[in-house]
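First comes the structure, then the notes that go with it.
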Amino acid sequence: MQSIELSNEAPTAAPAAARIGIGGPVGCGKTALIERLIPVLQRRGINFAVVTNDLVTKEDALRLQRSGLIDPTRVSAVEAGACPHTVIREDPTLNIAAGDEMERLHPGLELVIFESGGDNLASTYSLDLVDWWMFVIDVAGGDDIPRKRGPGVLRSDLLVVNKVDLAPHVGVDLDQMLADARSVRNGRPVLATNARTGQAIEELADIILHAVLLER
Amino acid sequence: MATLDVVHVLGSRLDPDLAEKLHGLSHHGTIRYLELETADTARRRLRATTADGLDVGIMLPREERLFDGAVLHMDEESALVVRVRGERWLVLMPSSVPEALELGYHAGNLHWRVRFDEGRLLVALEAPAADYLARLGHLAAHVPHHVEGPDERREVS
Ligand SMILES: Nc1nc2c(ncn2[C@@H]2O[C@H](COP(=O)(O)OP(=O)(O)OP(=O)(O)O)[C@@H](O)[C@H]2O)c(=O)[nH]1
Ligand SMILES: [Mg+2]
């Protein structure tokens, strides 16, 4: 019998950090969800960093750095300078470099979270940049959003419907909105959250960590 | 349930060394295939399951990438090889210059991944063709089209 080398070991170091993207329209609650995820990920012992994207400022990065939730050196900003989707889809090199820099600064880093600048429903992430991405919409944006079948809503690995607390105030039938979202997504997951109270944030962390093989 | 973690691509099934071992396994061993969509091959982290139920967890370094024929595992009894499902294309055949111009405008505006083929516009499908056609509005009704792909006998609509 001929001998066969057994090797599935990487010849070099540990695998690179997983990279995930969070996209969605302006004000849907992307940064608020990250603020809620931070303590949950910390409690689970995940070594992670965040890269935010804004148009011409570092507003979201500064907000996270000043939040006291996370070591400020674990947050960095990329200024898109144009339509936010250009730096997550057409040419993600600035974000890739920011992720690489975070891995260099924090040895053993396991996860980098990229927050896209608020954009329209057509915004999607390049899988050259991230391994997995979620798209966030909010109840107050209108219950017809899922029916508009934007690429972000259809193709994301997870669709998050945030601000569920606002449904009664804006006359939205939440169950119908979630049913519509599920029906356009062909069985891909949909999660309803409230970043104000932290509702469903543990489930959100479960889904993310399972998808990128960081469960423990 | 059996699971296999993959942290490194061993090489291509066409590399002489691996090809020889695969040949050996094809006689007295098992070669499993992990079927992936083209779009998913860009991911470095991925969970997938083989047809016979082996759960595979992929965690690659950023400089490595999945591809058709990538060998993910090999031992004395078995090997695991990536098989990329052929892409499906929506083929649009504009019959006039105004139609072609309008079609080109929409395809660009929607950031579709396209190929050009002698007056035909081919759009890579990552969702049902109906989703793409819906975005074209009245053009979808006027421009002849069909879907081409590995499993399609030619899904004419
Ligand atoms: N009631 C309610 N308000 C929320 C919720 N999530 C976020 N908000 C509020 O919505 C506003 C926008 O939230 P952000 O987290 O800044 O939204 P964003 O998506 O990061 O916005 P951009 O980065 O500017 O696109 C803030 O005032 C949040 O407090 C929620 O679940 N319920
Ligand atoms: Mg934000």
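Values reported hereafter were calculated over all heavy atoms of this structure, with side chains retained and with hydrogens, waters and symmetry mates removed. Note that the structure is a prediction, hence the values are computed from the model and not measured. First the proteins, then the strands, lettered A, B, ... as listed; each starts at 1.
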Got a second to check how far [X]'s [atom1] is from [Y]'s [atom2], nearest 0.5 Å?
| X | Y | atom1 | atom2 | value |
| --- | --- | --- | --- | --- |
| B/Arg135 | A/Arg149 | CZ | CZ | 9.5 Å |
| A/Arg155 | B/Glu126 | CZ | CD | 5.5 Å |
| B/Asp131 | A/Asn186 | CG | CG | 7.5 Å |

Around atom [atom1] of [X], are there more than 12 heavy atoms of other residues, nucleotides or ligands at under 6.0 Å?
| X | atom1 | value |
| --- | --- | --- |
| B/His23 | NE2 | no |
| B/Phe67 | CZ | yes |
| A/Glu59 | CD | no |

Original post:
Just one of B/Arg62, B/Arg44, B/Arg65, B/Arg47 clears the salt bridge (Lys or Arg N to Asp or Glu O under 4.0 Å) bar with A/Asp131, so which one?
Top reply: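 Output: one option passes, namely B/Arg62.
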
Subject >> Atom of A/Ala16, atom of B/Arg45 and distance for their closest heavy-atom approach >> reply: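 Answer, listing the atom of A/Ala16 first, then B/Arg45: O-NH2, 2.8 Å.
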
Original post:
Minimum heavy-atom separation for B/Ala39 to A/Leu127, with atom names?
Top reply: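 What the structure gives for the nearest pair is O-CD1, 3.2 Å.
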
For [X], is it the side chain, the backbone, both, or neither that has a heavy atom closer than 4.5 Å to a heavy atom of chain B?
| X | value |
| --- | --- |
| A/Ile96 | neither |
| A/His210 | both |
| A/Leu213 | both |

**OP:** Evaluate the side-chain contact (heavy atoms from CB on, under 4.5 Å) criterion for residues A/Asp157 and B/Arg43: first the C-alpha distance (whole Å), next the side-chain angles of each, then the deciding distance (0.1 Å), finally the verdict.
**Re:** CA-CA 12 Å; A/Asp157 295 305; B/Arg43 299 180 203 256; 2.9 Å; yes

**OP:** Please flag which part of B/Leu110 lies under 4.5 Å from any non-hydrogen atom of chain A: side chain, backbone, both or neither.
**Re:**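 Nothing of B/Leu110, per the 4.5 Å heavy-atom cut-off to chain A.
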
